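One structure is given below, encoded as structure tokens.
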Amino acid sequence: MESLNEIKSLLKSKQLRVTQTRLAVATILLNNKEKPLTSEEIFNKIQKSKKYDCDQVSVYRILSTYDEIGFIKKSNFQGEASRYILSNMEENNSLGHEHYFKCTACNYIKPFHNCFVSSKERELEKNGFKNLKHHLEITGLCPKCAKVS
Ligand SMILES: [Zn+2]
Ligand SMILES: [Zn+2]
């Protein structure tokens with residue numbers, strides 16, 4: 001997903017109307033490909049751009065729609081609001097989801113693109129295990145904060 005045009009055709013292919021607010025949310029996500037954002041952060045960025053007028057509830061609704069069509073990935077950190085990041089639709093297979101490292105000092109977030117747990121799950125599935133789920137979050141200090149402390 002590289003451009004707004006791609007997003008427009010994706011919306012159309014999913015029978016979704018191309019609205020200014022949907023595009024605004026998509027633009028923010030495009031500009032933050034490596035940084036998962038909460039719906040509040042996305043809303044604040046839209047407000048700041050002053051180009052669009054929308055409320056927080058519609059941003060949240062758009063995010064759930066995007067999540068449903070696989071356009072974005074949702075992640076949860078313990079005790080925190082969900083964060084969203086564009087998914088790579090081309091390689092959207094079972095390895096497609098991401099986990100994150102979060103710095104406890106500066107809140108820097110780094111996504112990990114390959115999940116090594118998925119292959120373990122598939123191995124278990126072959127042995128008859130079903131409905132497997134996992135949560136993984138890595139927290140600690142990023143290199144910058146590690147230097148200071
Ligand atoms: Zn840090
Ligand atoms: Zn995983």
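As the structure lists them, so they are numbered: ligands from 1, and atoms in each ligand from 1. What you are looking at is a predicted structure, and each value in this text was computed from that prediction instead of being measured.
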Subject >> Shortest-distance N, O or S atom of H134 relative to the Zn ion (ligand 2) >> reply: NE2

Original post:
Just by modelled atom types, is the K74 backbone N or O under 3.5 Å from a matching donor or acceptor in the S82 side chain?
Top reply: no

Subject >> Short side-chain donor-acceptor distance under 3.5 Å, S58 and D55 >> reply: yes

Original post:
So, E80 and K102, do they make that salt bridge, N to O below 4.0 Å?
Top reply: yes

Original post:
Near the Zn ion (ligand 1), which protein N/O/S atoms fall under 2.8 Å?
Top reply: C103 SG, C106 SG, C142 SG, C145 SG

Original post:
Does L136 offer a backbone N or O that forms a donor-acceptor pair with the side chain of H99 under 3.5 Å?
Top reply: yes

Original post:
Are the charged groups of E41 and R83 less than 4.0 angstrom apart, N to O?
Top reply: yes

Subject >> Pair E123 + K120, salt bridge at N-O below 4.0 Å >> reply: yes

